[in-house]
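One structure is given here, and the rest of the page talks about it.
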Amino acid sequence: MKKIKDLTLEELKEELKTLEEKPFRAEQIFHWLYVEKVKSFDEMTNLSISLREKLAQEYTLSNFNIIKKQESQDGTKKYLFDVLDGNAIETVLMEYHHGKTICVSSQIGCKMGCKFCASTGIAFVRSLTAGEIVEQVIAVEQDIQDKISNIVFMGIGEPLDNYENVIKAIRILNHPKGLNIGARHISVSTSGLVPKIYDLAKENIPCTLSISLHATNNEKRSSMMPVNNAYPIEELIKACKDYIAATNRRISFEYALAKDNNDNLEDAKALVKLLKGMLCHVNLIPINKIENGSYTKSSNENIIKFRDYLNDHGIVATIRRELGSDIDAACGQLRRKNLGGK
Ligand code: SAH
């Protein structure tokens, strides 16, 4: 059966035409799905009973069930959702002073193989549909009975490897008649799929692009992130510069600091050289050690020195607060969990 939350408002209008219904019905349905967050077509009381029945024959609402919810001492919540086909995904909710941020997954598993990430080493199953991405936000808002203000595509998966569904999900999340989350409050994070960065620049969606950079030369970056073999640093930086020129949007570079690997002053100098003059921001992440992983966190002293060097040399850099590490919900710690698995 088709999933109704996979459709943008425009697509829903088209589908309703084939059911010989007026387009404004699509807006009513959108309101029920994303503002009222109903769980069945029966609850859409301003639609005729016959339309509700027709919709129920054609579509499912595919509401997620929470399999497990863990809460960190810092208030971060990690959800394990049943995506209704025997698979499960993780979603994280973080509270910052500026509001509630949700970290959504875009795929079940990941193909990128980054050496420092817990999502690596687990077989890739499939990409999530647009509705399954959107449903993570709905299910969390339902659970906390509050609005989410920011969305980051930093859960499991490579969002640009699921390009069309991610774009569609952003359009649904962003729609004023839907969840109404401003594009400027949505960040898409990529390991660096260069052709897709060019595509994203043409979408006219003012979301934030985050690039997982982590190293400044190809040898080191390839050893951490195999995707660098396909799209080396020069091509990646060129794509970023073109993206900035086309969108006038600031790019955020993620740099996870690993002890004795990419955290010394030489690395900071090389980073300044690489990013000098670009409209960008650097987000330093103390790397989270994963099970059997070979990278360990830099010392606080090194992290601060690294940040200060960047700031003193014209690159705006901040250190990301570590949230949820006690429940394995911090950056890179999410992994696909099987139903009933650990
Ligand atoms: N595939 C996308 C989004 C998922 S990862 C990407 O690569 O950007 C979200 C962020 O967490 C990325 O910047 C990623 O490099 C980082 N990350 C992954 N594992 C990490 C770890 N163990 N410690 C710190 N950051 C990590």
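In each ligand, atom 1 is the first atom listed, and ligand 1 is the first ligand listed.
The single protein non-hydrogen atom nearest to atom 19 (N) of ligand 1 is G332 CA, 3.0 Å, given as residue, atom name and distance. Atom 25 (N) of ligand 1 has as its closest protein heavy atom C331 CB, 3.4 Å. Nearest to atom 2 (C) of ligand 1 among the protein's heavy atoms is S189 O, 3.3 Å.
Counting only residues at least two apart or on different chains, the side chain to side chain donor-acceptor pair (under 3.5 Å) pairs with a member in residues 111-128 are D85-R126, Q107-S127, K111-D161, R126-E132.
Y255 and F306 have their aromatic ring centers within a separation under 6.0 angstrom.
With respect to K168 and E11, a salt bridge is recorded, a charged nitrogen being found less than 4.0 Å from a carboxylate O. Salt-bridge annotation for K2 and E58: present, with a side-chain N of the basic residue lying under 4.0 Å from a carboxylate O of the acidic one.
A tilted orientation is assigned to the rings of F41 and Y59, their planes being inclined by 30° to 60°. By the 30° and 60° cut-offs, the orientation of the rings of Y34 relative to F30 is perpendicular.
Counting heavy atoms from C-beta outward, N261 and D267 have side chains that stay 4.5 Å or more apart.
Any N or O atom pair closer than 3.5 Å counts here, and F116 shares at least one such pair with ligand 1. Inclusion of A256 in the set of residues having an N or O under 3.5 Å from an N or O of ligand 1 is not warranted.
At a 4.0 Å heavy-atom cut-off, ligand 1 touches N288 through backbone and side chain alike. Residue contacts with ligand 1, taken as heavy atom pairs separated by less than 4.0 Å, involve F153 solely via the backbone atoms N, CA, C and O. If you look at T190 next to ligand 1, the close heavy atoms, those under 4.0 Å, all belong to the backbone.
At least one heavy atom of E158 lies less than 4.0 angstrom from ligand 1. Residue-ligand proximity: G155 is placed with a non-hydrogen atom under 4.0 Å from ligand 1.
E21 pairs by the side chain to side chain donor-acceptor pair (under 3.5 Å) definition with nothing, not counting sequence neighbours.
Proximity annotation for atom 16 (C) of ligand 1: of H214, M154, E254, Q333, H214 comes nearest, heavy atoms only. In the candidate list G293, A118, S212, G157, S212 is nearest to atom 6 (C) of ligand 1, counting heavy atoms.
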